[in-house]
Structures are given as C-alpha cells and as structure tokens.
Amino acid sequence: MIDSHCHLNDERFDSDRDEVINRAREKGVSLIINIGSGYGFEGNLKSIQIARENAGYIYATVGIHPHDAKLFNNDIERKLRKLIEENRDIIVGIGEIGLDYHYNFSDPVVQQEVFRKMLYLARDYDLPVVIHSREAGDDTFRILGEGKNNLRGVMHCFSGDRDEALRYIEELGFYISISGVVTFKNALKTVEVVKAVPLEWLFAETDSPYLTPAPYRGKRNEPSFVEYVYRKIAEIKEENIENVERIIDSNINRLFSTLTSPE
Ligand code: NI
C-alpha cells in the first residue's frame with residue numbers, strides 16, 4: 001500500500017511525527033508521497049526536510065496551493081525553481097495545485113494565473129502534477145487541457161461524478177485519486193466513480209490529517225489509515241485486496257517514477 005497524498009508537514013504532526021511514520025511502516029505502507037503546498041512557501045521546505053529524513057520511504061511534492069495563490073510572486077517562483085533544482089532526488093511532483101472556488105481564499109483570476117505558472121513549472125522540470133479542484137471543475141479541466149500535450153498527473157481527492165472522472169482519463173490521461181471520503185455513508189457519488197473507473201486509473205490516498213476514513217472519523221487522519229481506502233475500493237470492485245494493491249501501487253509508482261522500497 002502507498003499513501004499517495006498526505007500532509008505530514010502539518011503542525012498537527014509536530015509532536016509525534018516519527019511515531020506516525022513508524023506506524024505507517026508497521027501497517028504495511030511501503031511508500032509515502034508528502035504534499036508540500038498548502039502551508040505557504042515554508043510548507044514546501046518542511047515537506048522536503050521530512051522526505052530527506054526518511055529518504056527512500058517518503059518523497060515530496062512542492063508548489064503553491066490555490067488558497068495561497070495571493071502570496072505568489074516572482075521571488076517565490078525563483079525560490080521554487082531553486083528548490084526543485086537542488087532536490088531533484090526527492091521531489092517527485094508539483095502539487096497540490098489547482099483551483100478552489102469553494103473558499104476563494106485567493107481571487108479566482110489570481111488562482112488561475114498561479115495555476116498556469118505551476119503547470120509551466122511542471123513542464124519545465126518534466127514532473128507530474130497533483131491537482132486540487134473544488135467547485136471549479138470546468139475551469140480546471142479547461143486549463144489542464146491547454147497544456148495536455150506535455151502534462152501528466154492525478155486528480156487528488158476526486159469529488160466529481162463518474163462522467164467527469166472518465167473525461168479526465170480519456171481526454172487528459174489523468175489518474176483519479178480516492179480518499180477516505182469513499183468510506184463515508186453519504187459517499188454515493190464517489191462509490192459510483194470507483195465502480196466506473198478501471199483499477200488501472202485509480203490512486204489511493206489519505207490526505208491526512210484531513211478526511212479521516214471510517215471507522216476513525218473524527219480522529220486525526222494518518223498515512224497508516226490508507227488501508228481503509230484500499231479495502232473499500234476492493235469491496236466496491238469485488239476484487240481481492242492483493243490485486244487492488246498491486247495495480248494501484250504500480251499506477252502511483254508509474255506517475256511519480258518512484259520504486260516501492262523492498263520492506
Ligand atoms: Ni491535500
């Protein structure tokens with residue numbers, strides 16, 4: 001099992017981060033992708049540091065989250081490029097980036113501008129993108145389509161319906177990532193997405209510390225809980241869990257060019 005998306009750089013892990021990482025290893029999580037964006041520019045530095053301390057087990061992505069789009073400027077862009085150039089061995093993607101019209105913490109026009117800048121960054125360094133899209137489906141799809149010849153990536157915590165999911169796969173070749181939301185009682189739409197999307201196009205993630213799956217809803221989420229996402233996908237697909245793990249893990253390894261550590 002791989003946790004393809006978490007935020008171990010969140011301050012909610014400051015007091016017991018090493019224990020959380022050890023628990024993930026013990027529970028059979030073979031690889032973790034830690035998402036750097038969403039905590040200002042500094043969140044990227046912390047994400048890289050955590051990956052450095054756990055080399056070969058944790059990899060990092062960097063970027064500017066749509067919530068932080070208003071903080072972006074040329075200086076931040078220069079710093080991001082330098083960061084990528086100096087840490088090519090542990091940075092495996094740009095993300096999470098995209099659009100969030102639910103909160104609109106940054107002006108939508110500014111969000112779109114910064115989103116495009118992040119996509120240029122991904123193209124310049126030949127890195128995959130991790131996309132956050134909330135209540136912005138049409139604009140996200142359109143902007144990604146502008147550069148479809150060179151982009152590859154994943155729709156993180158996918159919240160659209162089955163037709164949207166299939167459109168991302170067929171027209172952009174993007175993977176669809178499923179979070180703990182799929183275990184919630186009211187997750188009918190996400191269950192339909194899992195049914196409709198072939199296993200070869202699915203990812204699993206926790207998005208921890210957010211979106212804690214059942215039976216731990218209400219608690220802080222952590223990478224070891226990714227097990228419940230895999231289990232639920234296997235149940236919906238009526239497939240055995242080993243098969244589901246093998247296929248999803250190879251999808252994740254393929255996109256991020258990572259290899260599962262031998263443990
Ligand atoms: Ni996230």
Can any side-chain N or O of T212 pair as donor or acceptor with the backbone N or O of K219 at less than 3.5 Å? yes
Looking at residues at least two apart in the chain, or sitting in another chain, which of them share a ring-ring contact (aromatic ring centres under 6.0 Å, His included) with F105? H67, Y103
Is it true that the NZ or CZ of K79 lies under 6.0 Å from the centre of F41's six-membered ring and within 45 degrees of the ring axis? yes
Considering only Ile, Leu, Val, Met, Phe, Trp and Tyr, and joining two whenever side-chain heavy atoms are under 4.5 Å apart, list the other residues clustered with F225. Y216, Y228
Taking S4 for the side chain and A204 for the main chain, is one N or O donor matched with an acceptor at less than 3.5 Å? yes
Output yes when a side-chain donor or acceptor of R25 lies under 3.5 Å from a complementary backbone atom of S30, and no otherwise. no
So the side chain to side chain donor-acceptor pair (under 3.5 Å) pairs with at least one residue in residues 176-188 (sequence neighbours excluded) are S177-E205
Does Q49 have any side-chain hydrogen bond (donor to acceptor under 3.5 Å, both in side chains) partners at least two apart in sequence or in another chain, and if so, which? E53
Could you list the residues that satisfy side-chain hydrogen bond (donor to acceptor under 3.5 Å, both in side chains) with E227, not counting sequence neighbours? R231
R81: side-chain hydrogen bond (donor to acceptor under 3.5 Å, both in side chains) partners, not counting sequence neighbours: E77, D124
Contacts of K189 meeting salt bridge (charged side-chain N to carboxylate O under 4.0 Å, His left out) (sequence neighbours excluded), chain-then-number -> none
Those residues at least two apart in sequence (or on a different chain) that pass salt bridge (charged side-chain N to carboxylate O under 4.0 Å, His left out) with E86 are K82
Taking D89 first and then R52, would you say they form a salt bridge - that is, a charged N and a carboxylate O separated by under 4.0 Å? yes
For Y168 and F141, I'd like to know if the aromatic rings sit close, meaning centre-to-centre distance below 6.0 Å. yes
Residue set satisfying side-chain hydrogen bond (donor to acceptor under 3.5 Å, both in side chains) with D107, at least two apart, ordered chain then number -> none
Across all chains, not counting sequence neighbours, the salt bridge (charged side-chain N to carboxylate O under 4.0 Å, His left out) partners of D18 are none
Give a yes or no on this: more than 12 heavy atoms of other residues, nucleotides or ligands lie within 6.0 Å of atom CD of E11. no
Pair listing, salt bridge (Lys or Arg N to Asp or Glu O under 4.0 Å) test, anchored in residues 128-141, at least two apart: D139-R142
Could you check whether D126 pairs with R152 (Lys NZ or Arg NE/NH1/NH2 to Asp/Glu carboxylate O, under 4.0 Å)? yes
Please determine whether a side-chain nitrogen of the Lys or Arg among R220 and D16 lies less than 4.0 Å from a carboxylate oxygen of the Asp or Glu. yes
Measure from NZ or CZ of R88 to the centre of the six-membered ring of Y125, then state whether that distance is under 6.0 Å and the direction lies within 45° of the axis. no
Thinking salt bridges, do K27 and D3 make one under a 4.0 Å N-O criterion? no
If only atom types and distance count, is the side chain of D68 paired as donor or acceptor with the main-chain N or O of I64 below 3.5 Å? no
Would you check if the side chain of N221 reaches a backbone N or O of Y210 as a donor-acceptor pair within less than 3.5 Å? yes
For residues 235-246, pull every pair meeting salt bridge (Lys or Arg N to Asp or Glu O under 4.0 Å), keeping only residues two or more places apart or in separate chains. K232-E235
Check: S133 main-chain N/O paired with T140 side-chain donor or acceptor under 3.5 Å: no
